[in-house]
Amino acid sequence: MKLTSSYEPDKFESDIYAAWESSGAFSPTDSSRTRERAGGLSKSDESVTRDEYSIVMPPPNANGNLHIGHGLTIALEDSLTRYYRLKGNNTWYIPGADHAGFETWVVYERALESIGHTRFEYTRDELYAKVWDFVEEQRGNMELQVRALGASCSWDDLTFTLDENVVARVYQTFEKMWNDGLIYRGKKLVNYCPKHQTAFADIEVEHLDEPGHLWDIKYLLSEPAETGNGREGSSSAGERYIIVSTTRPETLFGDQAVAVNPEDERYKNLIGKHVKLPLTDREIPIIADEHADPAYGTGAVKITPAHDFDDFEVGKRHNLENLRVIGDDGKMLETAGKNYAGLTTEECRQKVLNRLEEQGLLLGSHEITHSVAHCYKCGTTIEPTLKDQWFVDVETLAKTAIEHLENDEIKFYPENKKQVLINYLKGLKDWNISRQIPWGIPIPMFKKQEAISGTGKENYDDAPDWIFDTRTNLKGIELGGIKYIRDEDTFDTWFSSSHWPIVTTDWTPEHGSPFYPLNVMETGADILFAWVARMIMMGLYVTGEVPFKEVYLHGLVLDSHGKKMSKSKGNVINPLDLVAKYGSDAFRLGILRGRSAGLAQAFSEDSVVASRNLCNKLWNIARLIQSWIDSTEDTADDTDQPNSYDTDSMGEDWICRELDNLRTQIERNMKSYRFAETVEALYDTIWNKYADWFLESQKLMRNLPLLKKTLESLLIMAHPFMPFVTETIWQALSWTSGYIINQKWPESLKFDAISAEQFERLISTVSEARKVLAGLKDTVKGISVGLLYGDDALIADNAELVKQLTHVDYIEPTDGTPRGIRLALVGREVYLDVPKDIVKTYKDQLTERILSVGRELNALNARMMNPRYVEKAPAHLVEETKKGIEEKQALIEHLKQELKVIE
RNA sequence: GGAGCCUUAGCUCAGCUGGCUAGAGCGUUUCUUUGACGUAGAAAAGGUCAGAGGUUCAAAUCCUCUAGGCUCCACCA
């Protein structure tokens with residue numbers, strides 16, 4: 001293949017991806033599913049000795065598009081996958097698609113509303129079918145985008161969160177939990193969105209600080225107090241009252257008590273008395289409860305158990321009735337009284353305040369800032385609502401998880417997230433898993449029909465009324481002559497997602513799975529609680545083992561100014577746009593560059609551009625080497641062993657050493673998930689070492705076998721991070737075969753360490769010469785400049801190379817009398833041969849140089865002057881310092897002499 | 001109220017268990033149109049490592065406090 005002068009990713013990427021995919025490179029050699037596909041073949045001898053490496057893709061929404069977070073996730077996961085594949089692991093990167101229950105439902109409901117329909121026109125089952133079609137239409141987009149990002153995942157094993165095996169596993173777990181008594185039906189106060197008409201788990205609620213009002217309302221005592229020394233108020237008319245503070249006057253119709261703190265002296269004598277509930281005929285008691293904070297408001301608080309989480313707890317402690325006054329639609333119920341029923345909470349609040357004002361019961365209001373719960377999707381204020389819901393008792397699940405975490409069975413990157421997770425689990429409350437949306441896995445519970453249509457006295461907590469059955473395709477079933485009706489609710493998506501490592505690896509109770517636990521769970525730090533925590537609890541509950549050995553959490557990707565990306569701000573970066581513009585590799589390298597675990601970090605197109613340039617550099621490296629091969633191959637005797645190489649020069653030993661360093665650096669960094677440093681090391685080696693020094697030095701004398709060998713090594717090591725360009729090159733090179741994706745990770749290269757070190761000295765000689773030359777600027781323009789060297793075998797042996805690299809016109813030994821500018825090199829006598837008048841212009845540069853070396857020398861001397869340093873610091877450091885002082889002294893000495901010569 | 005994170009060059013960030021002259025990319029300046037690459041090559045400027053204490057022979061790194069910023073959790077009526 002003829003290589004063009006610059007790399008054009010769009011010409012190659014899709015073909016390369018298709019070739020990988022059809023070659024079967026993405027599939028593990030022996031997953032249970034590949035076994036199945038291959039007709040139940042047993043493990044080959046080779047695969048037995050290989051280590052499994054498994055990683056799952058956090059399933060993107062089946063009907064969505066990928067965003068920048070997915071771009072990062074795939075860059076991270078695919079780099080790991082490809083790296084371990086090259087290392088020889090039996091690697092399985094499992095892709096997925098999420099039905100994303102609520103998320104998708106919101107999108108669908110919006111679409112439905114935009115064509116003038118509402119969910120209420122259809123049955124649950126009809127809606128489920130409709131959303132299924134909706135998702136089916138959209139599917140494929142996401143998968144194409146994952147391919148464009150180069151994910152080497154095993155597509156045959158793609159798991160959709162509504163696949164049969166997923167549902168079956170979820171039902172088995174649910175049944176086990178039901179039998180173990182971990183599932184219960186509870187009438188509890190839940191977070192409820194009146195717009196979407198569904199309940200949420202605590203974690204799905206967004207708390208925002210908002211300005212609000214705290215109103216003081218007079219509740220009149222319905223009987224006279226016995227003593228007059230209380231701090232309760234009394235009006236001129238002689239009536240006695242207590243003042244409660246509330247932010248939600250409209251809920252007063254549901255009040256069941258007024259609570260005061262038992263320690264609060266002001267109200268002690270009122271405990272047990274009753275007050276008349278304003279705007280109603282009811283009387284409610286004054287009770288003592290710790291919940292009332294004497295320092296807040298008036299210290300007296302109204303208790304509305306059906307509409308406030310704290311009050312609900314207070315109500316339970318005091319056996320208060322839960323009276324609902326707000327309905328599922330967010331409007332006031334009949335229980336609020338004829339005048340208020342049907343009003344929205346906002347309207348009702350205003351009306352209540354007006355009435356209280358008229359009756360002289362409203363004593364004032366304070367402006368406050370308080371935290372208000374919102375639906376994380378539509379922003380509607382969450383209405384704590386009394387609902388019958390399915391709950392998971394998380395106590396033992398959380399406790400078990402904490403034990404395994406404290407036992408260090410899962411390693412976290414970043415480390416501190418482990419403790420954060422443990423803290424969360426310690427305070428975890430029971431998990432509401434019912435959702436009142438049609439799009440999701442139906443909860444497999446059926447209720448006795450007579451319990452529903454009977455007396456109206458429903459006993460939801462009575463387990464025998466409910467039975468577990470997996471026939472959720474049916475509305476009702478009959479068992480032993482009794483009819484049961486299915487609960488219409490669906491599971492919280494996290495309930496099924498928490499099974500992800502179990503279902504994707506085909507784990508079974510009988511055989512487990514060689515791929516379970518996963519080697520690593522890579523996902524966003526923002527879903528540590530929602531997902532990671534639940535996978536750990538569920539994994540332990542179902543399998544007895546933690547679901548993954550390591551967790552890598554990536555942070556939020558921010559825009560180039562460090563601001564959160566959002567549609568409203570218009571600063572959203574679409575990863576696929578960048579892929580189209582610069583190529584997949586450039587995007588992946590660009591987003592990995594400088595990124596560390598867990599941190600929210602900025603990202604900009606600049607780093608993608610820089611990465612695109614690196615791809616182009618690598619491309620041209622290959623192009624140069626191929627052109628050398630092409631120009632000599634036909635004359636060369638190619639019967640040598642293809643893989644044998646020798647190092648014939650210092651530069652060759654040096655590059656072997658550097659490539660070997662790169663290999664160990666990548667290995668070390670990948671082990672600890674240091675992607676930023678891996679990318680940095682690659683960039684440095686490819687560009688600053690391989691291209692700038694090694695290839696430059698090879699222009700003089702080419703070692704073709706070594707060039708081939710080192711280029712192969714470099715390409716393989718770069719492949720996990722820049723898969724497309726490395727494969728494209730691999731395919732274009734004349735001597736390589738197969739796919740690079742299937743190659744073996746390089747072994748260490750052999751080299752002579754002393755010779756490699758010598759090349760380093762050559763580099764500093766050349767650099768010094770270049771520096772002085774650049775400093776002389778145009779004074780040397782047009783004149784012939786050369787290098788003269790003293791009795792120096794290193795320079796003598798490599799004279800041509802030094803001449804070439806410094807771009808001087810000649811190089812020769814000195815004739816004994818120093819001439820020109822002596823370079824500031826330790827133990828090396830090299831002169832830049834320029835006319836005397838030009839030497840003079842070097843004076844300033846030289847003076848500055850003497851001063852700077854002097855400063856360095858002083859710093860070293862100061863260190864050695866400290867007797868405690870010599871005494872306590874490691875010997876090799878002291879030795880180094882001594883050597884440094886000697887070298888710098890010698891250097892300064894000859895620079896000073898040089899200065900004298902100039903003057 | 002609790003917890004976690006961040007503060008290093010103009011910008012975005014590395015700097016792992018404390019130890020050479022604190023690094024990279026982008027940007028800036030100067031030079032180079034030599035046949036791999038101008039998406040390039042060569043060179044340069046630019047940092048009191050937020051501030052103050054402490055531990056240590058030695059601190060960007062460990063500890064304490066202060067200031068500023070970000071995020072998460074939590075029932076503040």
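By convention in this document, chain letters (A, B, ...) are assigned in the order of the sequence lines, proteins followed by strands, and residues within each chain are numbered from 1.
- A:R761 CZ: 12 or fewer foreign heavy atoms inside a 6.0 Å radius.
- Residues passing the side-chain contact (heavy atoms from CB on, under 4.5 Å) test with A:R248 are A:T246, A:E250, A:T251, A:I326, A:T345, A:R349, A:E383, A:P384, sequence neighbours excluded.
- Using a 4.0 Å heavy-atom cutoff across all strands shown, A:R863 reaches sugar-phosphate atoms only and no base atom.
- Take A:H318 and apply the side-chain contact (heavy atoms from CB on, under 4.5 Å) test, not counting sequence neighbours, and it matches A:I287, A:D289, A:V314, A:L320.
- A distance of about 16 Å separates the P atoms of B:A14 and B:A24, rounded to the whole Å.
- Side-chain atoms of A:T385 do not come within 3.5 Å of backbone N or O of A:Y192 as any donor-acceptor pair.
- In this structure, CD1 of A:I686 is placed 14 Å from P of B:G25, rounded to the nearest angstrom.
- Nucleotides of RNA chain B nearest to A:D202 and A:V301 differ in position, and the one nearer the 5' end is that of A:D202.
- Here the side chain of A:T304 pairs no donor or acceptor atom with the backbone of A:A306 at under 3.5 angstrom.
- Between the P atom of B:A77 and the CZ atom of A:F309 lies a distance of 14 Å, rounded to the nearest Å.
- Note: CG (A:D606) to C1' (B:U28) measures 14 Å, nearest angstrom.
- No side-chain donor-acceptor contact under 3.5 Å links A:N432 to the backbone of A:A201.
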Run the salt bridge (charged side-chain N to carboxylate O under 4.0 Å, His left out) check on A:R868 and A:E871 step by step: do they pass? CA-CA 5 Å; A:R868 315 248 297 225; A:E871 190 186 316; over 6 Å; no
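- When heavy atoms are screened at a 4.0 angstrom cut-off, A:G299 is found touching base atoms of the nucleic acid.
- Residues of residues 415-431 of chain A that place a heavy atom closer than 4.0 Å to RNA chain B, in numerical order, are A:N416, A:K429.
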Each nucleotide in nucleotides 29-41 of chain B should get exactly one letter: B, S or -. Can you fill that in based on protein heavy atoms under 4.0 Å? ---S---BB-BSS
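- Of the N and O atoms on the side chains of A:R623 and A:N620, at least one donor lies less than 3.5 Å from an acceptor on the other residue.
- Remark: the A:Y690 side chain and the A:T710 side chain contain an N/O donor-acceptor pair separated by less than 3.5 Å.
- Proximity of a side-chain donor or acceptor of A:D430 to a complementary backbone N or O of A:V394 within less than 3.5 Å is detected.
- Taking atom C1' on both nucleotides, B:U71 is separated from B:U29 by 40 Å, rounded to a whole Å.
- Nucleotides B:C49 and B:A9, compared at atom C1', are 10 Å apart to the nearest Å.
- Along RNA chain B, the nucleotide nearest A:N669 and the nucleotide nearest A:P874 are compared for position; the residue whose nucleotide lies closer to the 5' end is A:N669.
- Residue contacts shown for A:T247 are limited to sugar-phosphate atoms, with no base heavy atom under 4.0 Å away.
- The side chain of A:K872 approaches B:U56 more closely than any other nucleotide in the set B:U56, B:U21, B:A77.
- Using modelled atom types, one side-chain atom of A:S607 and one backbone atom of A:G590 make a donor-acceptor pair closer than 3.5 Å.
- Whole-Å rounding puts the A:L773 CG to B:A43 P distance at 11 Å.
- B:C11 and B:C57 are spaced 38 Å apart, taking the C1' atom of each and rounding to whole Å.
- No donor-acceptor contact under 3.5 angstrom links the side chains of A:S560 and A:E605, judged on distance only.
- Atom pair A:N688:CG and B:G25:C1' shows a separation of 11 Å (rounding to whole Å applied).
- Looking at RNA chain B, the stems built from 3 or more consecutive Watson-Crick or G-U wobble pairs, each pair with its key distances under 3.5 Å, are B:1-7 with B:67-73, B:10-13 with B:23-26, B:28-32 with B:40-44, B:50-54 with B:62-66.
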Nucleotide by nucleotide, nucleotides 6-14 of chain B touches protein heavy atoms under 4.0 Å in the pattern (B base, S sugar-phosphate only, - none) ------SSS
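- Across B:A58 and B:G18, the matching C1' atoms stand 8 Å from one another, rounded to whole Å.
- The P atoms of B:A40 and B:G27 are separated by 9 Å, rounded to the nearest whole Å.
- Using a 4.0 Å heavy-atom distance criterion, A:S611 is classed as making no nucleic acid contact.
- A donor-acceptor contact shorter than 3.5 Å links the side chain of A:Q601 to the backbone of A:G594.
- The backbone N or O of A:E760 sits nowhere less than 3.5 Å from a side-chain atom of A:W693 that would complete a donor-acceptor pair.
- Atom P of nucleotide B:A43 and atom CD of A:E768 are separated by 11 Å, given to the nearest angstrom.
- Rounded to an integer number of Å, the gap from CD1 of A:I885 to C1' of B:U21 is 14 Å.
- Proximity of a side-chain donor or acceptor of A:D585 to a complementary backbone N or O of A:F724 within less than 3.5 Å is detected.
- Summarising the geometry of A:T247 relative to A:W215, their closest heavy-atom pair is O-CZ3, 3.6 Å, with the distance given to 0.1 Å.
- Spacing of P atoms, B:C16 relative to B:A60, comes out at 12 Å, to the nearest Å.
- Atom CG of A:L553 and atom C1' of B:C72 are 13 Å apart (whole Å).
- Of the C1' atoms belonging to B:U8 and B:G2, the separation is 30 Å, rounded to the nearest Å.
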